Protein chains: 2
Amino acid sequence: MVTLKQLAKELNVSISTVSKALNNSEEIGEETVKRVKELAELYNYTPNKVALSLKQSKTKTIGVIIPNILNHFLAKVLFGIEREATNLGYNIITCISNESLEKEKESLLLLANGSVDGFILSVAEETQIKNEIDHFKKTISQGLPIVMFDRVAHDVLCDKVIVDDFDATYNTTKKLLDEEGRKNIAFISNIGELSVGKLRERGYNKAILEHNNQEPLVLKIKKKDDHQKKIKAFFKKNKKLDAVIAADSSSGIISINTAVNLGLKVPKDISVLGFASKADSNHSLPRLTTIRQHAKVIGANAAQMLIDRLQKMHLNEDVKTKIVKTSLVKTKSMLK
Amino acid sequence: MVTLKQLAKELNVSISTVSKALNNSEEIGEETVKRVKELAELYNYTPNKVALSLKQSKTKTIGVIIPNILNHFLAKVLFGIEREATNLGYNIITCISNESLEKEKESLLLLANGSVDGFILSVAEETQIKNEIDHFKKTISQGLPIVMFDRVAHDVLCDKVIVDDFDATYNTTKKLLDEEGRKNIAFISNIGELSVGKLRERGYNKAILEHNNQEPLVLKIKKKDDHQKKIKAFFKKNKKLDAVIAADSSSGIISINTAVNLGLKVPKDISVLGFASKADSNHSLPRLTTIRQHAKVIGANAAQMLIDRLQKMHLNEDVKTKIVKTSLVKTKSMLK
DNA sequence: GTGAAAGCGCTAACAA
DNA sequence: TTGTTAGCGCTTTCAC
């Protein structure tokens, strides 16, 4: 890499002259500016990012901590974050907590050494189970703002981007009950431990209970379970099932494939829908009706909020929570 | 963040004394070391990463350029890279090229300003189609080593981690022909434009041609096609189909679901298998037989290779190509 | 209009 | 054993 020093030497001017010329300072003579810029162009000069960061005590880099990159939703949020951050002139350093509290803490510490200006993260499963939040608070008090998305820690005072999980399942369940006249709606979830999983379940529960005081019918699947087996057994046990709402994409896809496999007609005999993305819906026949979370939008919002805060750090503004509403994309896996 | 300066002031010693004490230099007196370390501990001192990078002209950061983070295989490789890099004390800055040549070039340029010590990347689709490689060569000649994985540019002299794509389909096709006695094997691909897609197709072709000079039967799907419709039509047109090899996970899953949907018995009437991961195989009933690419291993290898090279930059070693062999994980979607 | 110098936080050669 | 100094690459104030 060429440095200002080298350019200065070759041009027989001082380093500061070169610096000013390249930064279009009014101080420098027209002719000099031209000479400097030409040589800089020739050598493909770019200011050294590290030196700049040190000088200005800001890195223009965001630390992103993702619990699980293999989760399609989270990957898509990451995509949204990356794109928005890049557009706004920021880089992202990605850490994967792998749902582990320990790794989450480490990542936070590791990057809080001047590597990044702030964080965007979704809380790890273990962290949510143990309900630990000190590491977040500590980071924030060090002057590194955090934006949480999707899985958030409610007791941490920071910006948040969330989904209307409760409303989404509440409304959808009501729709199945009222508009389609479904009587036996089950809720299937692989994410019972997560804040969002709980919210989704509550939305479903409320709608069911409100409807002639019916009993909720919930299947919770654990990570180590054989996903397919569990769902098949559930279907066999509950012969009257006429609708399924899945809290996660895998449960949705497996449910619909299982229903078909057991000879049920979708959507005549049974409606199936779930939180999932477009790509997922291709993995079943008929396609799965999906509750879309607009992952990319969530990511973009999170990036915007963080960068906005970084640029107004002195103002000490109040924290905000942004809700990105889900939308129901209907396919032939439901009646109406 | 606390700095050496502040510690030094509080302890009434010089900055260098503090620095040396914290770095366990033999020079400093036992007592002083103790005092320094205690105060550093108290204040949670961590060396400023940016200053360190500037001083040592290395960032301990790797630039990773991924064409598409929503691709499960690529996401998994990223996971492998992140984990290995973290273990070896490196951070990763992630850029997503979104299969665009322009974005790939930009990312390379953007990070070649001292932000990273080297790159790990998989070539964008557009880049492979246009066969451009100058930006890679330029980066390498600037002293920033590159490790390419999966989709590589053969004419660029750099370390590579690849999959035995050709052999995988060649051997699998032969197995279907010889062991299962399949007569009409089709190859379905959504990635015809990629180097790996082409290799997979060639492996299949060779095996088919070698077998009594049969004709290959290939379905190529484009990004904008209706994936499900295309495959359904293909099945209907080729009634004699008794095996499908899919070059990508979506094609595999949709093929098997379509076959079942059309009333074919899997694997009695037809065997279906494809390049995919374990999670994907859950999305069909029966589960899809998968050619596993060991994405995490690929990622880990790439990280190791790059870091190894970074640490031996002075030696100017020859470039290496590492082949990570696929393995066939059989399920009930094939006979033997 | 141009340049010298200080300083961001750190390490390391050298001096004391 | 400890401290001084220079320097990594850059910006910016202040002097010329």
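Letters go in sequence order (proteins before strands), and every chain restarts at 1. Because the structure is a prediction, the values reported are computed rather than measured.
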Using the rule given for side chain to side chain donor-acceptor pair (under 3.5 Å), can you reason through B:Glu84 versus B:Gln304, listing the C-alpha separation, both sets of side-chain angles and the distance that settles it, and then say yes or no? CA-CA 7 Å; B:Glu84 189 69 18; B:Gln304 277 163 22; 3.0 Å; yes

Would you say that more than 12 heavy atoms from the other residues, nucleotides or ligands in this model lie under 6.0 Å from the CD1 of A:Ile129, or not? yes

Just checking A:Ser57: base, sugar-phosphate only, or nothing, at a heavy-atom cut-off of under 4.0 Å? nothing

Does B:Ser16 make a side-chain donor-acceptor contact with the base of D:dT5, cut-off 3.5 Å? no

Report the distance from atom CG of B:Leu22 to atom P of C:dT11, rounded to the nearest whole Å. 8 Å

Here the distance between atom C1' of C:dA5 and atom CG of A:Leu4, to the nearest Å, is 16 Å

Upstream residue (5' side of DNA chain D) when A:Asn23 and A:Lys5 are each assigned their closest nucleotide: A:Lys5

Between A:Tyr45 and D:dC10, is there a contact of a side-chain N or O with OP1 or OP2 at under 4.0 Å? yes

With heavy atoms under 4.0 Å as the rule, sort B:Val50 into base, sugar-phosphate or nothing. nothing

Among C:dC8, D:dC8, C:dT11, which nucleotide has an atom closest to any side-chain atom of B:Leu54? D:dC8

Yes or no on salt bridge (Lys or Arg N to Asp or Glu O under 4.0 Å) for B:Glu317 and B:Lys312, after CA distance, side-chain angles and deciding distance? CA-CA 8 Å; B:Glu317 277 185 357; B:Lys312 298 187 192 160; 3.8 Å; yes

Does any N or O in the side chain of B:Ser107 come within less than 3.5 Å of the main-chain N or O of B:Lys103, such that one atom is a donor and the other an acceptor? yes

Rounded to whole angstrom units, what separation is found between the CD atom of A:Gln6 and the P atom of D:dG7? 15 Å

d(CD, B:Glu30; P, D:dT1) in whole Å: 10 Å

Please figure out whether A:Ile15 or B:Ile28 has its closest DNA chain D nucleotide nearer the 5' end. B:Ile28

Euclidean distance, atom CZ of residue B:Arg35 to atom C1' of D:dT2 [Å, nearest integer]: 12 Å

Which residue, B:Val77, B:Ile120, B:Leu74, forms the side-chain contact (heavy atoms from CB on, under 4.5 Å) with B:Ile66? B:Leu74

Is a donor-acceptor contact shorter than 3.5 angstrom present between the side chain of B:Lys55 and the base of D:dG7? yes

Please figure out whether B:Asn48 or B:Glu27 has its closest DNA chain C nucleotide nearer the 5' end. B:Asn48

Taking N and O atoms by type only, does the side chain of A:Ser14 place a donor or acceptor under 3.5 Å from a partner on the base of C:dA4? no

Separation of D:dT11 P from A:Lys58 NZ (nearest whole Å): 13 Å

Spacing of A:Lys9 atom NZ relative to C:dT2 atom C1', expressed in whole Å: 20 Å

Just the rounded figure in Å: distance from C1' of C:dA12 to CG of B:Asn24. 16 Å

What I want to check is whether an N or O donor and acceptor connect the side chain of A:Lys20 with the base of C:dG1 at under 3.5 Å. no

Keeping A:Ser53 on the side-chain end and A:Lys49 on the backbone end, is there a donor-acceptor pair under 3.5 Å? yes

A:Ser53 near the nucleic acid: base, sugar-phosphate alone, or nothing, with a heavy-atom cut-off under 4.0 Å? nothing

Would you say C:dT11 has OP1 or OP2 under 4.0 Å from some side-chain N or O of B:Ser19? yes

